[in-house]
Every structure is written in C-alpha cells, then in structure tokens.
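Have a look at the structure below before the remarks.
Naming: A, B, ... by sequence-line order, numbering from 1 per chain.
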Amino acid sequence: MEPGTPSFYEKVYKVVRCIPPGQVSSYGRIATMLGHPNAARAVGYALSALRHPNQDGYTSANVPWQRVVNSQGRISIRHREQAANKQADLLRAEGVTVDENGRIDLATHLWPGLHLIELDDILRNDPQEP
DNA sequence: ATGGTGACTCGCG
DNA sequence: GCGCGAGCCACCA
C-alpha cells in the first residue's frame, strides 16, 4: 500500500493516543470507531504488539496503552501479571480509580471518543508522528 | 494459501 | 456475577 496509508495497527495507535489522561476506552469501542465493530481482538493484539519494535516507531512509551480496558471496565491482560499491575499503576497515577480486582468505573472515566470529522483528521495526518 | 494466536464481546445458563 | 462457547479480525509462520 502507499506510504501514507496507515495499517490497522497504526490507526489503533493514533486513536489511542487521543485518549486524555484520566480517561479510558475499550477495545471494542476503538474497533467500532475504526469501522470494524467486531475487531476488538485485533485491537488488543495491536496494543500487545507495542512491546515489540515496529518500523513506525510506536512504542509503549508513546502510546497510552494503559487507557484501554475491556468492555466490562476491567484490566484484560491475562498471562502477564507484571504488565497488568503496571497498567493499574499507570492508571492510578493519572487519577483513575482501579480497585484490587482491576475494575474501573466506566461511568466515571469512559472516554466519549472521537467524532467522524476528528477521526478522519487524525488518521490522515497526525502532527505528532512518533 | 492456510491455520494458529490473542491485552475481545456478546449471549446463555 | 461467573464460566463457556461461538463469532470475528489482523498478523505471522
């Protein structure tokens, strides 16, 4: 594809970078915003991939991956307790209440999301490429 | 091309 | 509220 055409993963990263500190979204909501209502798993996979180096420069350091939880408002990292704890710590550090079971009150912290116009703009040219 | 792999979701019991 | 099964998707070997 053309150099300027973002892959699905890139789109995920760009949208996630729009989530303000103190707020959270879900894998499914991100997927829906990108026009793939059933691609929640792919979104999770995209964030998981942040720990590996990629040619676009997106890393766990420049993408606020911790602000994405599952639709139930719970931290969804399964097989890596260390990462799960880190996510909880990072969220608490920015003012999000996370109980001992890794639950977050979505009614309080859910990110409304982007409007179509904004989304379109973000995906076209992010003024802050990594 | 094909099948395996998840940081997912939703619907049922 | 919890566990299961089934559906869905982008990536990678």
Side-chain angles (χ1 to χ4, degrees):
Chain A
M1 61 177 89
E2 290 180 40
T5 305
S7 66
F8 180 78
Y9 278 23
E10 290 179 279
K11 292 179 186 174
V12 170
Y13 302 145
K14 290 190 175 187
V15 171
V16 171
R17 283 167 55 129
C18 294
I19 307 175
Q23 292 191 275
V24 301
S25 189
S26 74
Y27 303 97
R29 289 176 64 86
I30 300 293
T32 298
M33 283 180 229
L34 293 178
H36 295 258
N38 299 307
R41 303 193 72 177
V43 172
Y45 201 14
L47 296 184
S48 174
L50 280 176
R51 51 200 177 99
H52 305 305
N54 61 75
Q55 74 186 143
D56 297 303
Y58 290 100
T59 70
S60 55
N62 56 36
V63 177
W65 56 277
Q66 73 272 22
R67 296 175 195 149
V68 185
V69 296
N70 67 27
S71 64
Q72 305 310 302
R74 312 184 72 206
I75 287 179
S76 197
I77 301 176
R78 307 237 181 196
H79 310 307
R80 295 190 302 139
E81 190 179 350
Q82 177 180 310
N85 291 327
K86 184 176 183 181
Q87 179 168 18
D89 290 340
L90 288 172
L91 287 174
R92 293 189 179 110
E94 50 187 67
V96 176
T97 300
V98 185
D99 68 21
E100 60 277 358
N101 297 313
R103 269 187 1 206
I104 296 162
D105 181 20
L106 291 183
T108 301
H109 299 100
L110 182 64
W111 177 50
L114 297 168
H115 290 295
L116 282 179
I117 306 294
E118 304 174 307
L119 179 61
D120 191 58
D121 197 46
I122 291 300
L123 296 184
R124 282 185 193 289
N125 42 18
D126 188 336
Q128 247 185 316
E129 291 291 334

Go through it in stages, so that I can follow the logic: the residues are A:Val69 and A:Gln87, the test is side chain to side chain contact (heavy atoms under 4.5 Å, CB included), and I'd like the CA-CA distance, side-chain angles, deciding distance and then a yes or no. CA-CA 9 Å; A:Val69 296; A:Gln87 179 168 18; 3.9 Å; yes
For A:Arg80 and A:Arg51: C-alpha separation, side-chain torsions, deciding distance, then whether side chain to side chain contact (heavy atoms under 4.5 Å, CB included) applies. CA-CA 12 Å; A:Arg80 295 190 302 139; A:Arg51 51 200 177 99; 3.4 Å; yes
Please determine whether side chain to side chain contact (heavy atoms under 4.5 Å, CB included) holds for the pair A:Asn62 and A:Arg17, giving the CA-CA distance in whole Å, both sets of side-chain angles, and the decisive distance to 0.1 Å. CA-CA 8 Å; A:Asn62 56 36; A:Arg17 283 167 55 129; 4.0 Å; yes
Test side chain to side chain contact (heavy atoms under 4.5 Å, CB included) on A:Val63 and A:Val12; report intermediate values, then the result. CA-CA 10 Å; A:Val63 177; A:Val12 170; over 6 Å; no
Each nucleotide of nucleotides 6-13 of chain B classed B (base within 4.0 Å of a protein heavy atom), S (only sugar-phosphate) or -, in 5' to 3' order, makes BBBSS---
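Heavy-atom contacts from other residues, nucleotides or ligands closer than 6.0 Å to NE2 of A:His52 number more than 12.
Within a heavy-atom distance below 4.0 Å of DNA chain B, no residue of residues 106-116 of chain A is found.
On the nucleic acid side, DNA chain C contacts chain A at distances under 4.0 Å to non-hydrogen atoms, with the end points of that region at C:dG7 to C:dC11.
Across every non-hydrogen atom of A:Val15 and A:Met33, the tightest pair is CG1-SD, 4.1 Å.
Ion pairing of A:Asp89 with A:Lys86 is absent here, as no side-chain N (NZ or NE/NH1/NH2) approaches a carboxylate O to less than 4.0 Å.
Side chain of A:Asp56 to main chain of A:Tyr58: no donor-acceptor pair is present (N/O by atom type, distance under 3.5 Å, no hydrogens or angles). Between the side chain of A:Tyr27 and the backbone N or O of A:Tyr45 there is no donor-acceptor pair closer than 3.5 Å.
A side chain to side chain contact (heavy atoms under 4.5 Å, CB included) with A:Val24 is found for exactly one of A:Val68, A:Ile19, A:Asp105, A:Leu106, namely A:Leu106.
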